[in-house]
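Structure, as structure tokens:
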Number of protein chains: 2
Amino acid sequence: MRASDEADTAIPISAVERETGLSKDTLRMWERRYGFPAPGRDPFGDRLYPRPQVDKLRLIRRLMDQGFRPGRIIGESYQTLVALAGTRPAQQAPEAQEQDAVRELLALVKAHRVAELQAALQQCIQDQGLRRFVLDLASPLAHAVGEAWFHGELAVFEEHLFTEVVQNLLRKWIGEARNASGQRPPRILLTTFPNELHALGLLMAEALMTMDGAECLSFGLQLPVADIIQAALAHRVDVVTVALSPAYPRTATNEGLSELRGALPAAIEVWAGGGGVMRLKRVPEGVVVVSALADVSAAIRHWRQQPGRAGAGPA
Amino acid sequence: MRASDEADTAIPISAVERETGLSKDTLRMWERRYGFPAPGRDPFGDRLYPRPQVDKLRLIRRLMDQGFRPGRIIGESYQTLVALAGTRPAQQAPEAQEQDAVRELLALVKAHRVAELQAALQQCIQDQGLRRFVLDLASPLAHAVGEAWFHGELAVFEEHLFTEVVQNLLRKWIGEARNASGQRPPRILLTTFPNELHALGLLMAEALMTMDGAECLSFGLQLPVADIIQAALAHRVDVVTVALSPAYPRTATNEGLSELRGALPAAIEVWAGGGGVMRLKRVPEGVVVVSALADVSAAIRHWRQQPGRAGAGPA
DNA sequence: GTCAACGCCGTGTCCTGGACAAAATGCGAG
DNA sequence: CTCGCATTTTGTCCAGGACACGGCGTTGAC
């Protein structure tokens, strides 16, 4: 069964492209330049990648999202790379109290206790309200899940399921909050750029904005810049908010924000939030950075305090 | 401004790949073989596709989904192709009644009347119940929106907003239905393959399954095959359901389904649904095709009638 | 006459190897 | 220490060739 063993773990280039997110061109280029990956060949000369190489490729891909460059790390052993992934930025010292709750919930995610996870989160919302839930629990938990996934402690499917559960809760309670509170300006458009898939950040922002009485219009994920502009004009919004995850390429971020700012009338503000903006050295002129979810309220308050804007009445 | 006009409508090959779903290789091959598309070149020799050619490519892609072969239609004029696309398979003669409702709602989408659209849909769910809402209204409406977008009558952002509104409603009412009805087997895993983004189909299936008392575990979009397998085993599901949109590449569909079926134990059924499966001439052995949303109930009933399966008790 | 097997054609993906733009980095000057 | 410029790094694009795979029509056998 030796041969079948090899066949089982032999992966064609198209599948590797799907699994790693690295284009066929890039895979072939790395092979040419760095000598890795070094796939075998099937009888027709097509590349066949062994499973371990694909694993290493995936790891490299992850490290690149953290800022490493391929040429620097591609020669290192798998072990070294894993160790490299383990060194955390260690920028925040979270408070012990909430950290406990987060750890507990993270354990539920790992143990596949979906129903319990859902119930616990639901309970939290009812106890603390949507705002505190998002700020104190959902946001740190989402970070923790991301970290755990990155360190291989959490499978992809567990992260997907977590996202789905939180998404359901957030959408439900945003609906409630919208009905409960009187909507008033600003009217805010929310979305992300194409290829930007982090749904939770967007929903959490929407939740907080809705709690502050703003009128949110979420267009979901991946709205091309040209369409954001059309939508902002058609729906006469006051603010366009774009959520950016850390993994989103910096150049695309800057390009998109510049284009947005340039094409929209000055009366419409452009807000950028999420982990992706903190990495930027400079944001385009006239774009407001909302660096953390906790700053959303302040941003809205600030908008309302600008002269010529009725805080309560309709436009 | 002539030059800038050209620059505005000049589209690089990577963007065309994204917009049409045709791979770069295929685009270059068609150019070599059929003489179409015939893109211009930028100063560096890179292809620049004029907007009209991209529109025609998208149309061709769409016609291929209906069964046409590229070599046969690629030489026809844009007009001819539009006419060809206009002739619908005419397999269903929709009832005038519901067709009216759909048209009315479509008008709301086009007019940006979000609040009214939301209210109208909400009303429908409450009047007719979730099942009828999905089958009679949401599904045809989603198709109508897709059609309208395809024919350029609807902007991308309008489609996004529509998706978001329906998604909110469906998630909310799925939650209600889950709480209301006693959950019993089968336990069903739902997801889509990577790069498959049609969220509504998945949610509509989940809604119907939940209404039938099944226990749904949705993992959201884009779960890689390897992770689907892990998830199915970890959560001990009875059925794995994969939603496939018509735009999803055929080869990838077949590959993914085969891999799933092969890796999962025989006791776990694999169901494939959505517009993507109807285009397939043959599905891999052992995969159950649920060709339309209306067939979901029958599929579940059939599963429960198999010998050795307690319809009510826990496994 | 019916059905199966075979072979052709249309089609998409993969290959090699070369070129170059754009981003990231590092160096030096102010 | 900061800014600007040169250099390296990196990914995408190009051309043209090859070939596997699936559908369809034709042929041959029963």
Side-chain angles (χ1 to χ4, degrees), chain A residues 10-18 20-49 57 60-61 63-75 195 248-256 258 279-282, chain B residues 10-18 20-49 57 60-61 63-75 248-255 258 279-284:
Chain A
I11 304 159
I13 194 169
S14 56
V16 177
E17 176 180 39
R18 246 184 298 134
T20 64
L22 300 163
S23 78
K24 298 186 191 48
D25 270 331
T26 300
L27 288 168
R28 287 192 277 255
M29 188 52 108
W30 285 8
E31 183 181 339
R32 223 196 298 176
R33 287 218 179 106
Y34 312 119
F36 183 90
R41 300 292 175 133
D42 71 4
F44 318 116
D46 290 12
R47 291 173 174 78
L48 284 181
Y49 295 80
L57 284 170
I60 292 173
R61 179 64 153 78
L63 287 165
M64 282 172 61
D65 287 343
Q66 285 208 339
F68 290 93
R69 283 167 36 190
R72 292 295 189 82
I73 55 177
I74 203 167
N195 294 321
Y248 199 70
R250 273 181 253 182
T251 57
T253 303
N254 261 321
E255 250 177 53
S258 300
R279 292 185 319 154
L280 295 178
K281 321 217 165 169
R282 270 202 310 260
Chain B
I11 303 160
I13 193 170
S14 56
V16 177
E17 176 179 38
R18 242 184 301 128
T20 64
L22 300 163
S23 77
K24 300 193 229 300
D25 270 331
T26 300
L27 287 168
R28 287 191 276 256
M29 186 52 101
W30 284 8
E31 184 181 338
R32 223 196 300 176
R33 287 221 179 105
Y34 311 120
F36 184 90
R41 300 291 174 134
D42 72 3
F44 319 116
D46 289 12
R47 291 173 174 78
L48 284 182
Y49 295 79
L57 284 170
I60 292 172
R61 177 61 152 75
L63 286 166
M64 284 170 62
D65 290 343
Q66 292 195 353
F68 290 92
R69 284 176 17 197
R72 293 296 187 81
I73 55 176
I74 203 166
Y248 201 70
R250 273 181 260 180
T251 54
T253 303
N254 261 321
E255 251 177 53
S258 301
R279 294 184 317 153
L280 296 177
K281 320 238 160 165
R282 271 201 309 263
V283 292

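Chain A is the first sequence line, chain B the second, and so forth, proteins listed ahead of strands; every chain is numbered from 1.
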Once you round to the nearest 0.5 Å, how far does [atom1] of [X] lie from [atom2] of [Y]?
X      : Y      : atom1 : atom2 : result
R28(A) : S23(A) : CZ    : OG    : 8.0 Å
L48(B) : D42(B) : CG    : CG    : 5.0 Å
E17(A) : T26(A) : CD    : OG1   : 9.0 Å
Y49(B) : L27(B) : OH    : CG    : 4.5 Å

Indicate yes or no: at least one non-hydrogen side-chain atom of [X] is less than 4.5 angstrom from one of [Y].
X      : Y      : value
L22(A) : V16(A) : no
I60(B) : W30(B) : yes
L57(A) : P37(A) : yes
D46(B) : I13(B) : no
I74(B) : F68(B) : no

query: Does P70(B) or M29(A) map to a spot on DNA chain C nearer the 5' end, using the closest nucleotide for each?
result: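 Taking each residue's closest nucleotide, the earlier one in sequence belongs to P70(B).
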First encountered from the 5' end of DNA chain C, between R72(B) and R69(A):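 Comparing both residues, the 5'-ward one is R72(B).
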R41(B)/E31(B) ion pair, N-O < 4.0 Å: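 Yes.
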Please give me every residue in [range] whose heavy atoms get under 4.0 Å of an atom in DNA chain D, ordered by residue number.
range                     : value
residues 30-39 of chain A : W30(A), R33(A), Y34(A)
residues 40-47 of chain B : R41(B), G45(B), D46(B), R47(B)
residues 20-28 of chain A : S23(A), D25(A), T26(A)

Separation of [X] atom [atom1] from [N] atom [atom2], in whole Å?
X      : N       : atom1 : atom2 : answer
F68(B) : dT11(C) : CZ    : P     : 14 Å
L48(B) : dC14(D) : CG    : P     : 9 Å
L63(A) : dT10(D) : CG    : C1'   : 17 Å
R18(A) : dT13(C) : CZ    : P     : 12 Å
I74(B) : dG10(C) : CD1   : C1'   : 12 Å

query: Does R72(A) CZ have over 12 foreign heavy atoms under 6.0 Å away?
result: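 Not buried by this count: 12 neighbours or fewer within 6.0 Å.
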